[in-house]
Amino acid sequence: MQNQQTGQSWQNGSDPFFRQTGSSNWNTEAASSIDTKDLSVIQDEMYAEALLYKKCTVYANYFTDQTLKNLATTAAQHHRQHFDTLHGYLNGSY
């Protein structure tokens, strides 16, 4: 899967969070009951949530204002929860 804007391949990236999204971690029984197009959409959403989580985490570390730091941290947690929900769905533990 490639990021359409930068052409980077997140699946082959060095960040372990992005490697976690690889299809090898999915419950094949649950994934096999989803058609290919839907599975592709879910995978794209997982990559988007992973990227948003990473960006918010980086921003939280840049900010010195505590209000902005808290806002970015909350947003990061929000995106991580979305990612975990999608990942759980694919593993059949939703």
Side-chain angles (χ1 to χ4, degrees):
M1 173 47 66
Q2 289 191 345
N3 179 321
Q4 293 176 353
Q5 293 177 344
T6 65
Q8 287 182 302
S9 176
W10 295 114
Q11 188 171 8
N12 298 326
S14 61
D15 191 320
F17 184 75
F18 288 106
R19 283 196 305 266
Q20 181 179 345
T21 65
S23 61
S24 62
N25 293 334
W26 298 342
N27 177 339
T28 54
E29 184 178 321
S32 67
S33 67
I34 302 172
D35 70 33
T36 306
K37 180 65 177 172
D38 290 338
L39 187 59
S40 177
V41 169
I42 292 170
Q43 185 179 21
D44 289 345
E45 289 300 317
M46 287 177 69
Y47 285 119
E49 291 297 337
L51 180 59
L52 289 166
Y53 167 78
K54 185 72 173 178
K55 284 182 176 184
C56 290
T57 300
V58 168
Y59 286 129
N61 290 327
Y62 284 146
F63 291 136
T64 54
D65 182 297
Q66 193 58 45
T67 303
L68 292 175
K69 186 179 285 283
N70 291 342
L71 182 64
T73 301
T74 300
Q77 291 169 351
H78 175 82
H79 291 295
R80 180 62 193 235
Q81 288 173 346
H82 283 183
F83 175 89
D84 289 341
T85 300
L86 290 168
H87 192 254
Y89 178 77
L90 289 177
N91 284 320
S93 60
Y94 51 96

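Side chains are part of it too, since the values below use all heavy atoms of this structure and drop only hydrogens, waters and symmetry mates. Heads up: numbering here begins at 1 and tracks the sequence. A quick note: this is a predicted structure, and the numbers were derived from the prediction, not measured.
- Atom-to-atom distance recorded for Leu86:CG and Gln81:CD is 12.0 Å, nearest 0.5 angstrom.
- In this structure the side chain of Leu90 reaches within 4.5 angstrom of the side chain of Met46, judged on heavy atoms.
- The closest donor-acceptor contact from the side chain of Ser40 to the backbone of Thr36 lies at 3.5 Å or more, if one exists at all.
- For the atom pair OG1 (Thr74) and NE2 (His79), the distance works out to 11.0 Å, reported to the nearest 0.5 Å.
- Considering CD of Glu49 and CD of Glu45, their distance stands at 6.5 Å, rounded to 0.5 Å.
- Between the NE2 atom in His87 and the CD atom in Gln43 there is a gap of 11.0 Å [rounded to 0.5 Å].
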Just distance, no hydrogens or angles: give the donor-acceptor pairs under 3.5 Å from side chains in residues 56-64, sequence neighbours left out.
{"unit_1": "Thr57", "atom_1": "OG1", "unit_2": "Tyr53", "atom_2": "O", "d": "2.8"}
{"unit_1": "Asn61", "atom_1": "ND2", "unit_2": "Thr57", "atom_2": "O", "d": "3.2"}

